[in-house]
Structures are given as structure tokens and as C-alpha cells.
Protein chains: 2
Amino acid sequence: MPKRATPSTIHDVAKAAGVSVATVSRVLNRPHRVRESTRRHVQAVIHSLNYRPNETARNLSTGRTLSISVAMPFMARDSFVERLRGIEATSSVNAYDLVMSNIESVVRRNSYYESLFDGRRFDGVVIATLRPSDEEAAQLANGAMPVVLLDTSHPLLSSVDCDDVEGGRLAAHHLIERGHRRLAFLGDTEFGFNFVSARERLSGFVEVLNDAGLALGSRDEWWIVHSSHAARTLLSPILDRPAAERPTAIFATSDLTALALLDGMERLGLKAPDDLAVIGYDDLHGARWKALTTIRQPLFQSGVSAIELLLSQMGGGNTSPQQTLLPLELIIREST
Amino acid sequence: MPKRATPSTIHDVAKAAGVSVATVSRVLNRPHRVRESTRRHVQAVIHSLNYRPNETARNLSTGRTLSISVAMPFMARDSFVERLRGIEATSSVNAYDLVMSNIESVVRRNSYYESLFDGRRFDGVVIATLRPSDEEAAQLANGAMPVVLLDTSHPLLSSVDCDDVEGGRLAAHHLIERGHRRLAFLGDTEFGFNFVSARERLSGFVEVLNDAGLALGSRDEWWIVHSSHAARTLLSPILDRPAAERPTAIFATSDLTALALLDGMERLGLKAPDDLAVIGYDDLHGARWKALTTIRQPLFQSGVSAIELLLSQMGGGNTSPQQTLLPLELIIREST
DNA sequence: GTGCGACATGTAACCGTTTACAATTTTAAC
DNA sequence: GTTAAAATTGTAAACGGTTACATGTCGCAC
């Protein structure tokens, strides 16, 4: 079989099979609409010509693109890969292509929003971690294309997220139950794009503390750091305080910083939870090794749910904004 | 401005501007081919109608799709994100869409190869980490679509890779220079998909050892483990041996396992490099914190190069297979 | 004033599908 | 054997662009 210079088209098939292109198309798309014998014959010809329908032409004709745009700042969360796996698995099962965009700068963010509506390129969009401004949200909501937010939310848009406030509560309850009374909080800034989730976790945390008659006493009991390295350097000032003023437990909004903390403690010869109890967030792989107590988010599942929600909206189902909250889970290990 | 039920087309623009569609198209694609005054007028109309050319139609007409398929087993290497960032940055700069596929099973791998040639969906392909079989490679090489392999290679195909053999040599030289004479090797299986790079690193490592009159004595001096956890459990058998038979340095083909090793040593109260020197591979973030000596791969750059090579082949330049080797770098820290 | 090339624009075919509608054939009830 | 309904197939018009080619216009040298 000589290599064809140009792949065969539906017309080639039609001619070779002695039928019209409409019939070939039906064999492909509505097989039961064509007589059994014809169908078999056409299928044989398709096979022998190694014919594959041109997706672009098909898309133009049907008005859909079978592709979904996913925007996320790759590094913003360590949990990135797991979410992406959920997204990818679900879209590939549903025969959708996944087009990735990495949004790591304001410039890129703007150009993304700019191009998103270009030329009907996507059937739907998932925006992960990047909380849209009110204007952006309005723009997205008014667009013709369904949008689902993941790991963030906005009143105008559908979203799949975890209840960060509840996560803060879980952490607080657990620490209080363990007998801790002087607590501290360590947030991460998520690279400046999105400050919301750390703040929400803090608010849930504080809420429970207040209900228990406790408090984050002063500005000294919470910090926001940008990196694991920064988390380490915090350790000495904390531990240098007199025992009576020293927090006995710390809630870190990311396993990364929590692990850095543990690591720093190890170097100083200190042990969790006796010298300082630590609870993290996410349940990354490292958390298990280091026996870090943490709040687990259903990362993979969140990707799955985001795509499922998107597909349902694309299918024209309930098209009004729908906020999904996924449950968190407290994983108790040795660090508390 | 009322929301249009249906977006405007090139015909709407042509009519509104009182010109033909050809002229509008030229304004978009070959601006210098149209009179200055016309161009300005048409551009004004385009803007006022908020017209965006339909990409699908454009693609059908021009025969390209402006999208690139990237296949990789997401988790296979910890370096995944960095490579992907390089890939994404370069393709987005060149206005190509990046379509991700996560190949984590043989089933998925087969369906990927099956669908890759469907319907001319992509202008080019990058396959990362997954070494194709000879059949697969032949199939890819015969296809109409340019292919670049990343982090692996095959004689029939273009590739961007690091010289794993050289990486093994670098590690060996360094350890020997540091005075070590009894060495050990710790490979990772990369989840069973690809066993090649660990083996190549081993061969470079052994080569230098042999040249120096040394050897990996027996099967006892090298292991292949599947996980960081497994790496830890190796530690005791190694260290339990009599001092004269105990390796004084170990080369791990992944920073992940190297870090696990360091971690296990810490727990046992041992210190690198005195009790056991450790050298890793990749230079992940964790390597810096833990002061792990390692062989750094240019991860981001490898993604960039892969796309650049792909684009050049897509551009019809040199279309014969071209193997690129990127340089490695020995990063010396405290663990050796 | 004529002729000719350069430039600007329009006409219409084409890219490869899907699908509404029309035309034809089959089926089955009488 | 009729006949109406159902099933099958074909015709041709979309889908929304690009572009080869034809046509028309203009400037300028003669």
C-alpha cells in the first residue's frame, strides 16, 4: 500500500463505496439510520482506505471544538499535578482535548483573558486557583462559553472548591482537643495571585478559637510567608520566647511550609508534637513520610468534579452558577 | 451594545464595511496588500462589531490546527512540572495550543497512539519520557506529523535529551575525587514505563569506576527501588555491614530517593557525607534545602528546546531526525 | 492619448464535514 | 394489488474562513 500524499476524505470513501457522502457520514454518526448491508460495505471501504474523518471540518460543521481550556499557575500549589490528573482523566474519557495554559504573570493573565474568547476555540473553560476579579468574572459569565472555577470561587460563576473556612475549623478543633491553648498560624501567599484561601482558613481557625475562649493574641501569632525557606527562619524567633508565651501548636496552610517547619525543628534537635505541634494542609506525599497531621483535600476528585460540572453545563443542563464544596478530611499523624 | 446571539462573521464585517470578504481577510492576514485607507476603515468595522475570526474555519481552510500534542506520564518524573513549563512557555509564545495527554497505563498508551493520527488534529507532537517501541517509532516516523521525543530518544526520531551516561560519569568522577572507593548505586524504575535512563546512568557510573580500577562489587552494591519509602528501608541493611564492606558513598538516580536516604539517615542520627556520602540526580527544590549534591538537568530548557525543534521541523526545515543532547551540571553541596 | 505595469479589489472555488429536505425504495396492512 | 407509512438514500446548502484568478483603477512614460 503506497503512502498517500494526501489522506482520503469522505468523498473518496463515498465514491469508492458507490454511495453519497451523506450515507458515509451517517455510517459514522448515526449507524442505525442506514441499512445493515450498506453500513457494512461502507465500513469495509473506510477501513481499506484507512479513512479518518477530519476533525477540523467536523468541528466547523457541528460548531463545537471538543476541547477545553484549562488555566492554572502551575507552581502555585504543590497540589497542581493531582488536580490536573483528575481533570485530564475526566476530559479524556469524555473525548475532550485539554488545552493547558500556564498563568504565572499578570501579562499572561491578561493575554489569556483576551484570547479566551477568540474564535470560539473552546467548548468550555476551567480556571484553577486564579480567582477572577469582579470584572473578569462578569466577562466570563456573559461569554457564550461555560466556565468552572476550581480551587477558588466567585458568586457569578460555577465552581468546585473546598471549604477553606471549614478547614481552618477542623485544624482548630483538633489542636484544642489535643489540649493546646496557645496557637499560631502560618499562611502562604500563593505567589501573590490569590490570597483568599489562606485568609479563609485563618478565619475558620480564629472562629473556633474564639468560641473556645481562645485567641490569636497578637500579630505575633500569625505570619504569612512566601516560601519554605522563609518558614524555617521563623522558627527561632518563635522558640526563643519564654515558655509561657510560646505557642505550643502551629497551623500551617500548606504542607510545604509545615514540612519545612518540621525539618527546621529536626535540625535544632526538637521533636513534634512535644516541643511544638504542627498541623498542615493538603496531605502531600511528604506529609505521610514525615508523619505530619494535616487537612486532606480531595485533589484528584476536585479535578474530576470540575470537568463533570463543566460538561453538564456544556450539555445545556442547569446553566446557572453552581457552587460545589468538596469535603475535607482531618488526617491525624504524629506531629500533633 | 446588545449581546449578539451569534458572533459576527467575516461576511458581516464585509457587508458593514462595504467591501468583499477577501478584502477583510487580507486586512487580517496581509495588511500591506490593501490600501491604507481601506485597511483603517475595515479595522474600525472589525473593532466595532467585535469580530474575531473563527479559528476552526481558519484551520480548515489553511490546513493547520495551531495545536501541539504533548504526551507524558505526569508523575513519572518529579521534574514533570519544570519541563512542562518550558514546553508551555514556548508554545504559547508561538501561538500554539498545548494539548495534554497523561499516559499512565498501557491501555491509555495504545489509545493515544491510535488517536494521534486521527483527523489531522495536531500540527506536531512531543512525547516525553515514554520511550516508543521500534514499531511505534516507525509508525511515528512515517506519519505526516513531526514528532519530537523529550527525555528519551530513538534512532528514528528527533529528540531532546540529556546524556544519562555522562551523568553517571559525572557522579562517579566526583565521588572518586572525594576519595571514595567503595561505591553503591540506587536506581529508580520510573514506574515500569521506561527503564532506560537509570540503566544508562548506571553504565556511565560503572565505566568510570572501572577506569579507576574500582567496581560495583556485587549485586549487593546496587538496587532498583520503586519509591522513596523503599529507599529508606534499604538503609539499615547497608549500614549494618562491617565497616570494611560498607559503601562510603551512594549514587541515587533521583533526588527523590536521595532525599529519602538523607531523611532516613537523619532519623538514625547519621550525617552525610561522613557516615555515607549521597549524590542525587535532577536538582529538585528539595535538593537545595537538604544540601544534596546532585546532577542538575536543564529541565525548563529541555521543554523549550523540544518545542523549538518541533517548530523548526514543522516549518519544513531540516526534517531528518535530529538528536539534541543537553548538558548536565554537577552541583556540589554538603552531602558529599 | 495610448499602453502598460503596479496596485487594489472582487468573484468564486475550495477546505471536509454535517444535515435539512427531497426523492426513492421497502414494508406491511388492507 | 393498492397504498400509506416507514426506512433508506441522495442532493445541495450550510459552517466561516483563505486565496487563485479575474477585473478594475491608477500613474506615468512615451
**Q.** Side-chain donor-acceptor pair present, A:Ser158, A:Gln322, cut-off under 3.5 Å
**A.**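 No donor-acceptor contact under 3.5 Å links the two side chains.
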Quick one: label [X] by what it contacts on the DNA or RNA (base, sugar-phosphate, nothing), any heavy atom closer than 4.0 Å.
X: A:Arg39; answer: nothing
X: A:Thr56; answer: nothing
X: A:Thr62; answer: sugar-phosphate

**Q.** Under 3.5 Å: donor-acceptor pair, side chain of A:Asn94, backbone of A:Tyr96
**A.**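 No; judged by distance alone, with no hydrogens or angles, the pair does not exist.
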Any side-chain heavy-atom pair from [X] and [Y] closer than 4.5 angstrom?
X: A:Gln43; Y: A:Val27; value: yes
X: A:Leu28; Y: A:Pro53; value: yes
X: B:Met72; Y: B:Ile87; value: yes
X: A:Asp151; Y: A:Leu130; value: no

Starting at atom [atom1] of [X], determine the distance to atom [atom2] of [N], rounded to an integer number of angstrom.
X: A:Asp118; N: D:dG16; atom1: CG; atom2: C1'; result: 15 Å
X: B:Glu55; N: D:dT18; atom1: CD; atom2: C1'; result: 13 Å
X: B:Ile46; N: D:dG17; atom1: CD1; atom2: P; result: 10 Å
X: A:Arg120; N: D:dG17; atom1: CZ; atom2: C1'; result: 15 Å
X: A:His32; N: D:dA7; atom1: NE2; atom2: C1'; result: 12 Å
X: A:Arg64; N: D:dA14; atom1: CZ; atom2: P; result: 21 Å
X: A:Glu36; N: D:dT8; atom1: CD; atom2: P; result: 10 Å
X: B:Arg33; N: D:dA20; atom1: CZ; atom2: P; result: 10 Å

Is the shortest side-chain N/O distance from [X] to OP1 or OP2 of [N] below 4.0 Å?
X: B:Arg58; N: D:dG16; answer: no
X: B:Arg30; N: D:dT19; answer: yes
X: B:Asn29; N: D:dT18; answer: yes

Q. Who pairs with A:Thr38 by side chain to side chain contact (heavy atoms under 4.5 Å, CB included), at least two apart in sequence or on another chain?
A.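 Testing A:Thr38 for side chain to side chain contact (heavy atoms under 4.5 Å, CB included), a comparison that skips the adjacent residues, returns A:Val19, A:Thr23, A:Val34, A:Arg35, A:Val42.
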Q | Contact interval (first through last nucleotide) of DNA chain C with protein chain A, 4.0 Å heavy-atom | A | C:dG16 to C:dT19
(Q) If you compare all heavy atoms of B:Gln323 against all heavy atoms of B:Ser159, which two are closest, and at what distance to 0.1 Å? (A)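 Looking at all heavy atoms of both residues, the closest pair is OE1-OG, 3.0 Å.
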Q. What distance separates A:Ile127 CD1 from A:Leu157 CG, expressed to the nearest 0.5 Å?
A.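 The distance works out to 7.5 Å.
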Q. Residues two or more places apart in sequence or in another chain: which of them pass side chain to side chain donor-acceptor pair (under 3.5 Å) with A:Ser101?
A.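 Scan of A:Ser101 (side chain to side chain donor-acceptor pair (under 3.5 Å), adjacent residues dropped) gives none.
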Is there any protein nitrogen or oxygen under 3.5 Å from a nitrogen or oxygen in nucleotides 10-13 of chain D, and what are the pairs?
from: D:dG10; atom 1: OP2; to: A:Ser20; atom 2: N; distance (Å): 2.9
from: D:dG10; atom 1: OP2; to: A:Ser20; atom 2: OG; distance (Å): 3.2
from: D:dG10; atom 1: OP2; to: A:Thr23; atom 2: OG1; distance (Å): 2.8
from: D:dG10; atom 1: N7; to: A:Arg26; atom 2: NH2; distance (Å): 3.0
from: D:dG10; atom 1: O6; to: A:Arg26; atom 2: NH1; distance (Å): 3.3

Q: Measure distances between side-chain N and O atoms of B:Thr9 and base N and O atoms of D:dG16, and say whether any donor-acceptor pair falls under 3.5 Å.
A: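 No.
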**Q.** SB check B:Arg109 B:Glu104 (cutoff 4.0 Å)
**A.** no
(Q) Between the opening five pairs and the closing five pairs of the helix from C:dG1-D:dC30 to C:dC30-D:dG1, how far apart are the helix axes, to 10°? (A)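 Terminal axis comparison yields 50°.
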Q | Out of D:dC15, D:dT18, D:dG17, whichever nucleotide has its closest atom nearest the side chain of B:Ala57 | A | D:dG17
Q. According to the ring-ring contact (aromatic ring centres under 6.0 Å, His included) rule, which pairs have a member within residues 28-79 of chain A, sequence neighbours left out?
A. A:Phe74-A:Phe80
